[in-house]
Novice: 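Following this message is one structure expressed as structure tokens.
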Amino acid sequence: MSSYLWVKALHIIFIASWFAGLFYLPRLFVNLALIAPDSHAERERLLLMARKLYRFSGILMVPAIAFGLWLWLGLGIGKGSGWIHVKLLLVLGVVAYHLQCGRLLKRFERMSNRRTDRWYRIYNEVSILLFAAIVVLVVVKPF
């Protein structure tokens, strides 16, 4: 079996795993934003979950990007196509989103969150929109 299929399969597995973390982490932020200031045990439990999920999804991000680069640079997928440039820009957006989640988590840890649960509900949709746009670009290759 060709290395292309193995690299592609591993890329998809790590992308799906990374995005699972990005889909759920802001949902934890919604719950953290709803906690009463005197609810220390619940707050600490959710913070622990958020820290572990952020760390784990960050670890998954590395092979996801590495296998994507292998497909692009090593196997030539997308070379000479316009869609790959837009996909790369969106991937940079996903990395920025991931890093922003880390900054938001730090605010919760310092108890300096300034956002409402409603804001986090909307923020949670950004990862879904990025994911959908990337999938459409890769599958449809519109340009």
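Index from 1, following the sequence.
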Novice: Find out whether Lys8 and Ile12 are in side-chain contact, i.e. whether some heavy atom of one side chain is under 4.5 Å from a heavy atom of the other.
Specialist: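 Side-chain contact under 4.5 Å: yes.
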Novice: Run the side chain to side chain contact (heavy atoms under 4.5 Å, CB included) check on Ile77 and Tyr4 step by step: do they pass?
Specialist: CA-CA 9 Å; Ile77 304 303; Tyr4 164 71; 3.5 Å; yes
Novice: To the nearest 0.5 angstrom, please state how far the CD atom of Glu44 sits from the CZ atom of Arg51.
Specialist: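 These two atoms lie 6.0 Å from each other.
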Novice: If you define the side chain from C-beta out and look only at heavy atoms, does anything of Leu47 sit under 4.5 Å from Leu32?
Specialist: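 They are in side-chain contact.
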Novice: Quick one: do Leu73 and Leu88 end up in the same hydrophobic cluster if we chain Ile, Leu, Val, Met, Phe, Trp and Tyr together by side-chain heavy atoms under 4.5 Å apart?
Specialist: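 Shared cluster, yes.
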Novice: Assess the residue pair Phe131 and Leu22 against the criterion (side chain to side chain contact (heavy atoms under 4.5 Å, CB included)); give the C-alpha distance rounded to whole Å, side-chain angles, the decisive distance to 0.1 Å, and a yes or no.
Specialist: CA-CA 10 Å; Phe131 181 76; Leu22 292 179; over 6 Å; no
Novice: Check whether more than 12 heavy atoms from other residues, nucleotides or ligands sit under 6.0 Å from atom CH2 of Trp70, and answer yes or no.
Specialist: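 Open.
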Novice: Closest heavy-atom contact between Ala133 and Leu90?
Specialist: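 Closest heavy-atom pair between Ala133 and Leu90: CB-CD1, 3.7 Å.
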Novice: Same cluster for Leu25 and Leu48 if Ile/Leu/Val/Met/Phe/Trp/Tyr side chains link at under 4.5 Å?
Specialist: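 No, because Leu25 and Leu48 fall into different hydrophobic clusters, even though each may have its own neighbours under 4.5 Å.
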Novice: Give, for atom CZ of Arg121 and atom CZ of Arg27, the distance between the pair rounded to the nearest 0.5 Å.
Specialist: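 Reported to 0.5 Å precision, the distance equals 5.0 Å.
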Novice: Near Arg118 CZ, under 6.0 Å, is it more than 12 heavy atoms from other residues, nucleotides or ligands?
Specialist: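 No.
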Novice: Got a second to check how far Asn31's CG is from Glu42's CD, nearest 0.5 Å?
Specialist: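 Answer for the CG-CD pair, Asn31 versus Glu42, is 7.5 Å.
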Novice: Which of these, Ile134, Ile65, Leu99, sits in a side-chain contact (heavy atoms from CB on, under 4.5 Å) with Val94?
Specialist: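 Of the listed residues Ile134, Ile65, Leu99, the side-chain contact (heavy atoms from CB on, under 4.5 Å) partner of Val94 is Ile134.
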Novice: In the structure I gave you, are the side-chain heavy atoms of Tyr120 and Pro26 within less than 4.5 Å of one another anywhere?
Specialist: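 SC-SC contact between Tyr120 and Pro26 ruled out.
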Novice: Is Arg43 reaching over with its side chain to a backbone N or O of Phe108, donor-acceptor style, under 3.5 angstrom?
Specialist: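 Checked: pair present.
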Novice: Should the heavy atoms of other residues, nucleotides or ligands under 6.0 Å from CH2 of Trp119 be counted, would the total exceed 12?
Specialist: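 Enclosed.
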Novice: Apply side chain to side chain donor-acceptor pair (under 3.5 Å) to His98 and Trp18, showing your working.
Specialist: CA-CA 10 Å; His98 182 96; Trp18 177 28; 3.2 Å; yes
Novice: Kindly check if the number of other-residue, nucleotide or ligand heavy atoms within 6.0 Å of CZ (Arg114) is above 12?
Specialist: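 No, not enclosed.
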Novice: Tell me, yes or no, whether the heavy-atom count around Tyr97 atom OH, taken from other residues, nucleotides or ligands under 6.0 Å, exceeds 12.
Specialist: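 Yes, the 6.0 Å shell around OH holds more than 12 heavy atoms from other groups.
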Novice: Could you tell me if the side chain of Met49 sits less than 4.5 Å from the side chain of Tyr24, heavy atoms only?
Specialist: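 The answer is yes, as the side chains (C-beta and beyond) meet within the 4.5 Å cut-off.
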Novice: For the residue pair Ser57 and Phe23, establish whether any side-chain heavy-atom pair is separated by less than 4.5 Å.
Specialist: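 Not in contact.
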Novice: Distance-only, no hydrogens or angles: does the Ser39 side chain make a donor-acceptor pair with backbone N or O of Ile35 under 3.5 Å?
Specialist: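 Looks like no, no N/O pair under 3.5 Å.
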Novice: Is the shortest heavy-atom distance from the side chain of Leu137 to the side chain of Pro142 under 4.5 Å?
Specialist: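 Result yes, sub-4.5 Å side-chain heavy-atom pair found.
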Novice: Going through the distances and angles, do Leu75 and Ser3 end up as a side chain to side chain contact (heavy atoms under 4.5 Å, CB included)?
Specialist: CA-CA 9 Å; Leu75 300 174; Ser3 63; 4.3 Å; yes
Novice: Less than 4.5 Å apart, side chain to side chain, heavy atoms only: is that true for Leu105 and Tyr54?
Specialist: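 They are in side-chain contact.
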Novice: Same cluster for Met111 and Leu104 if Ile/Leu/Val/Met/Phe/Trp/Tyr side chains link at under 4.5 Å?
Specialist: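 No, Met111 does not connect to Leu104 through the hydrophobic network.
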Novice: Determine whether a donor-acceptor pair (N or O, by modelled atom type, separation under 3.5 Å) exists between the side chain of Lys141 and the backbone of Val138.
Specialist: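 Looks like yes, one N/O pair under 3.5 Å.
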Novice: Keeping Ser81 on the side-chain end and Ile84 on the backbone end, is there a donor-acceptor pair under 3.5 Å?
Specialist: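 No, because the side chain of Ser81 does not come within donor-acceptor range (under 3.5 Å) of the backbone of Ile84.
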Novice: Taking all heavy atoms of Val95 and all of Met61, pick out the closest pair and write down the distance.
Specialist: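 That closest heavy-atom pairing would be CG2-SD, 4.1 Å.
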Novice: Do Leu5 and Phe14 share a hydrophobic cluster (ILVMFWY, side-chain heavy atoms under 4.5 Å, transitive)?
Specialist: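 Yes; tracing contacts between hydrophobic side chains, which count when under 4.5 Å, links both residues.
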Novice: Side-chain contact, heavy-atom cut-off 4.5 Å: Leu46 with Phe29?
Specialist: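 They are not in side-chain contact.
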Novice: Assigning hydrophobic clusters by single linkage (Ile, Leu, Val, Met, Phe, Trp, Tyr; side-chain heavy-atom cutoff under 4.5 Å), is Val86 placed with Leu129?
Specialist: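 Not linked; separate clusters.
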